[in-house]
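Structure, as structure tokens:
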Amino acid sequence: MEQLRQATASMANVGIRRMIVMAGERAWSSQQVHALTRQLPGDWLWVGAAPELPLHCATSAMRTLLGREFLHAVFDARDGLDAEALAALAGTLKAGSWLVVLAPSWDDWLMQPDCDSNRWSEQSEAIPTPHFIAHLQHCIRADSECVRWLQHQPLSIPVFTPRPLWHAASGAPFDEQAAILDALLEMPAGVAVVTAPRGRGKSALAGMLLRQIAGKGLVTAPGKAATDVLAGHAGEHFNFVAPDALLANTDAYQADWLIVDEAAAIPAPQLRRLISHFPRVLLTTTVQGYEGTGRGFVLKFCASLETLTRYTLSTPIRWAVNDPLEKLIDAILLFDEPDISTAASGTVSLQTIERSNELQPSAQLQQMYRLLSGAHYRTTPLDWRRMLDAPGQHFIAAISKEETLGATWLVEEGGLDENLSQAVWAGFRRPRGNLVAQSLAAHGGSPLAATLKGLRVSRIAVHPLRQRQQIGQQMIAYVKTQAQFAADYLSVSFGFTDELWRFWESCGFVLVRVGSHREASSGCYAAMALLPLTERGKALTRHEQQRLKRDIHWLQPWIDHPLPVISCEEATLNSDDWLELAGFAFGHRPLEACLGSLNRLLLACDLPLNALRGRVQQRLSVDVLCQQWRISGRKALLAVMRQEAQKALEKCDEQQSIALKNRLLQLQFFH
Ligand SMILES: CC(=O)SCCNC(=O)CCNC(=O)[C@H](O)C(C)(C)COP(=O)(O)OP(=O)(O)OC[C@H]1O[C@@H](n2cnc3c(N)ncnc32)[C@H](O)[C@@H]1OP(=O)(O)O
Ligand SMILES: Nc1ncnc2c1ncn2[C@@H]1O[C@H](COP(=O)(O)OP(=O)(O)OP(=O)(O)O)[C@@H](O)[C@H]1O
């Protein structure tokens with residue numbers, strides 16, 4: 001213990017944090033934690049499900065503590081390891097802290113079910129995650145600054161190399177921040193981007209800028225919750241507008257500066273539109289981290305802007321350079337930066353990458369993850385865990401001279417039984433997983449859609465310097481030739497932009513669905529496309545494509561982005577419509593999934609149907625309708641609209657309506 005106390009004191013002096021991994025039986029590690037907390041004064045935050053210390057936080061709530069600071073913490077990974085929470089916790093620890101990670105017995109860890117897998121494996125029970133744990137154990141063993149404390153073995157603290165003394169931040173801008181601030185305050189017009197790893201003071205810098213500019217500043221970001229630091233440094237000069245609100249009405253917001261925090265999480269076309277409306281823009285983006293990253297963004301998007309000034313921040317604010325805890329977390333979660341300013345030239349070869357060959361993730365799989373996280377803003381550590389250990393995942397790599405230049409990640413979906421698929425279609429059931437397969441049933445026109453087997457392209461990325469060289473297209477073409485996948489169709493769900501659609505279309509995908517509202521975080525409409533592989537897949541794709549063509553006339557007014565769908569407008573109700581309308585009237589299908597058929601029903605029926613006509617034909621908002629017809633809220637309004645649809649169906653054809661009602665009600669029992 002004395003050794004630990006001394007190590008702790010010197011960590012504070014040199015401004016660093018370290019990890020202790022305590023692996024053993026539960027009672028043993030709990031006992032050691034209590035001994036530690038008695039010996040080393042500190043906040044001792046406990047992160048985990050069953051707290052054993054007074055100050056505690058659930059892993060799922062760890063995000064709410066971002067921006068807070070603690071001295072020493074315990075991360076309970078004995079039942080499961082939430083990688084994002086671990087990284088977030090590491091980010092809250094002050095210089096001089098230990099992060100004590102509690103683990104099962106070192107040798108049992110590999111094969112013990114990990115309850116974190118419930119979040120990402122789409123299985124009914126927690127599964128063991130041997131590939132991730134093998135990788136984690138390898139990183140821990142290879143790290144000379146991490147203390148491994150195993151039950152039944154003496155605690156030995158390594159001899160650490162001496163480091164220079166460190167001085168904590170005073171609150172005044174760091175030199176790097178001050179230099180950028182000066183330059184920005186002088187900037188007559190244009191766009192500036194600040195990139196940095198986590199915790200280098202980007203958001204603080206943006207806040208300081210808002211405080212010092214003469215005119216008005218606006219802030220936008222994919223999530224308001226993540227703007228606390230910025231708000232703190234900006235004080236009363238903080239004005240936030242969500243990206244979707246800003247995009248919906250840019251003219252309503254005038255400002256001298258627009259600040260876009262975590263800009264890489266906003267798709268390029270939307271960002272371009274935002275930028276064009278303001279004389280001065282500051283974009284900040286993390287080039288490493290757990291909320292998705294922005295390296296590809298920096299290379300591609302920033303290169304496409306004519307007048308752009310780039311700045312970077314490299315000095316950590318709250319701990320010293322080369323902090324051992326940060327380094328270890330970077331190694332475990334592959335946050336470390338690959339150099340993507342160059343790429344191998346020459347033709348690529350395509351390979352299916354198997355996970356099962358060895359326990360430790362292959363170098364190729366690691367390269368694929370790094371490429372995905374660099375090029376694809378949505379990639380997070382949860383994806384790293386899913387890639388390594390979730391069942392039904394497949395990977396294609398495009399490789400040139402041993403360098404991975406393209407990555408495609410596929411997920412098996414569908415194959416639900418008929419009753420379940422129909423219950424999903426009617427809106428009665430929504431089991432976990434099967435994103436596109438279920439959505440095809442729930443939002444599309446085929447009750448049996450989820451019985452087909454699909455292979456969803458979960459992620460695809462090409463090295464930013466090798467894009468537009470047909471590598472993406474080749475990877476998709478290669479998937480089609482691989483008989484082992486045995487799927488009825490390939491599918492993809494993506495935030496609709498014209499550029500991305502052109503890519504999927506060029507690969508042979510057919511657009512089958514576009515959501516009716518923009519996603520708040522990206523400002524895009526969610527879209528789904530299919531590429532059929534079998535006869536069943538072709539029939540489904542044709543059916544869904546036809547449905548979209550028939551409905552586009554009614555859908556387009558809800559979507560303020562022209563869609564590449566040729567309308568084949570038909571005003572009469574057909575048998576598909578009847579089925580769908582029954583799903584709405586007697587089941588739980590959402591209104592948005594029935595817009596075409598509801599419009600046709602309203603044309604065919606002369607009843608007043610006030611709520612339905614108001615919502616579907618006049619597109620009045622839920623609030624306006626509730627007020628107008630004295631309805632208590634969204635749920636009650638939906639119930640009224642379902643009743644109106646029932647009346648309309650009965651009026652059009654009572655017998656058919658009764659038959660369909662009975663059919664629907666039977667589906668309810670497959671709960
Ligand atoms: C499920 C998801 O992952 S959706 C998100 C997709 N991934 C990303 O957005 C990550 C960043 N982007 C990328 O990594 C790549 O640009 C990809 C994967 C989208 C495309 O890969 P690439 O190898 O660049 O595409 P590829 O060269 O095969 O393009 C084929 C055709 O698609 C179309 N296309 C591809 N990208 C674009 C674009 N940015 N703008 C317009 N058309 C495009 C073109 O018709 C192109 O043919 P052409 O170059 O002869 O005109
Ligand atoms: N000059 C400074 N003096 C004191 N504290 C600072 C300074 N700059 C930033 N900080 C603090 O350091 C912490 C990290 O800063 P900030 O959140 O701005 O970094 P960031 O690069 O935006 O990180 P992230 O990517 O995690 O959002 C915050 O608590 C912030 O208030």
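- Looking at Arg148, its side chain never comes within 3.5 Å of a backbone N or O of Ala23 through a donor-acceptor pair.
- Heavy atoms only, all atoms of each residue included: Met19 and Leu328 are closest at SD-CD2, 3.6 Å.
- At distances below 3.5 Å, not a single donor-acceptor pair connects side-chain atoms of Gln270 with backbone N or O atoms of Leu247.
- For the residue pair Ser314 and Glu176, a side-chain donor N or O sits within less than 3.5 Å of a side-chain acceptor on the partner.
- Within a 6.0 Å sphere centred on NZ of Lys94, other residues, nucleotides and ligands contribute more than 12 heavy atoms.
- Closest approach of Ile396 and Met368 over heavy atoms only: O-CE, 3.2 Å.
- Counting only distance, with no hydrogens or angles, the side chain of His463 and the backbone of Thr404 share no donor-acceptor pair below 3.5 Å.
- The minimum heavy-atom distance linking Arg386 with Arg355 is given by the pair O-NH1, 3.7 Å.
- Few gaps surround NE2 on His34; more than 12 heavy atoms of other groups in view lie less than 6.0 Å from it.
- Applying the side chain to side chain contact (heavy atoms under 4.5 Å, CB included) criterion to Ala231, with sequence neighbours excluded, gives Phe238.
- Without hydrogens or angle criteria, Gln364 side chain to Ala397 main chain gives no donor-acceptor distance under 3.5 Å.
- Between the side chain of Ser121 and the backbone N or O of Asn118 there is no donor-acceptor pair closer than 3.5 Å.
- When side chains are defined from C-beta on, Ile353 counts as touching Ser362, because their heavy atoms get closer than 4.5 Å.
- Side chain of Trp384 to main chain of Ile332: a donor-acceptor pair is present (N/O by atom type, distance under 3.5 Å, no hydrogens or angles).
- Under the ring-ring contact (aromatic ring centres under 6.0 Å, His included) criterion, His233 pairs with no residue at all, not counting sequence neighbours.
- A distance-only check finds a donor-acceptor pair linking the side chain of Thr220 to the backbone of Val241 [under 3.5 Å].
- For Glu125, the CD atom counts as loosely surrounded, since its 6.0 Å shell holds 12 or fewer non-hydrogen atoms of other residues, nucleotides or ligands.
- A salt bridge does not link Asp330 to Lys327: none of the charged nitrogens lies less than 4.0 Å from a carboxylate oxygen.
- For residues 150-170, every residue pair satisfying the salt bridge (Lys or Arg N to Asp or Glu O under 4.0 Å) rule, not counting sequence neighbours, is listed here: Glu145-Arg163.
- With sequence neighbours excluded, the residues forming a side-chain hydrogen bond (donor to acceptor under 3.5 Å, both in side chains) with His138 are Gln360, listed by chain and number.
- Put simply, the side chain of Asp389 never gets that close to the backbone of Pro128: no donor and acceptor are under 3.5 Å apart.
- Arg200 has a carboxylate O that lies under 4.0 Å from a charged side-chain N of Glu326, or vice versa, which qualifies the two as a salt bridge.
- Between Phe160 and Ser144, the closest heavy-atom pair is CE2-O, 4.0 Å.
- The two atoms that bring Gln112 and Pro104 nearest to each other are OE1-CB, 3.3 Å, heavy atoms only.
- Contact between Asp76 and Gly48 at its shortest, heavy atoms only, is CB-CA, 4.3 Å.
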Mind running side chain to side chain contact (heavy atoms under 4.5 Å, CB included) on Val21 and Trp106 for me, showing each step along the way?
CA-CA 10 Å; Val21 178; Trp106 189 260; 4.2 Å; yes

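- Remark: Trp319 engages no residue in a ring-ring contact (aromatic ring centres under 6.0 Å, His included) (not counting sequence neighbours).
- Residues forming a side-chain hydrogen bond (donor to acceptor under 3.5 Å, both in side chains) with Gln366 (at least two apart in sequence, or on another chain): none.
- By the side-chain hydrogen bond (donor to acceptor under 3.5 Å, both in side chains) test, Asp143 is found to be paired with no residue, residues two or more places apart in sequence or in another chain being considered.
- Legend: residues meeting side chain to side chain contact (heavy atoms under 4.5 Å, CB included) with Asn13, ordered by chain and number and at least two apart, are Leu165.
- Exactly one residue among Leu333, Asp116, Leu99 makes a side chain to side chain contact (heavy atoms under 4.5 Å, CB included) with Leu86. That residue is Leu99.
- Of the possible donor and acceptor atoms, none in the side chain of Arg459 sits under 3.5 Å from a partner among the backbone N and O of Tyr369.
- Here salt bridge (Lys or Arg N to Asp or Glu O under 4.0 Å) pairs that include residues 38-53, with residues two or more places apart or in two chains, are Glu52-Arg78.
- Applying the side-chain hydrogen bond (donor to acceptor under 3.5 Å, both in side chains) criterion to Trp409, with sequence neighbours excluded, gives Gln393.
- Remark: the backbone N or O of Trp98 is paired with a side-chain donor or acceptor of His72 at under 3.5 angstrom.
- The side chain to side chain contact (heavy atoms under 4.5 Å, CB included) check on Trp166 picks up Ala95, Ala168, Ala320, with sequence neighbours excluded.
- Scanning for side chain to side chain contact (heavy atoms under 4.5 Å, CB included) contacts around Gln212 gives Leu181, Leu185, with sequence neighbours left out.
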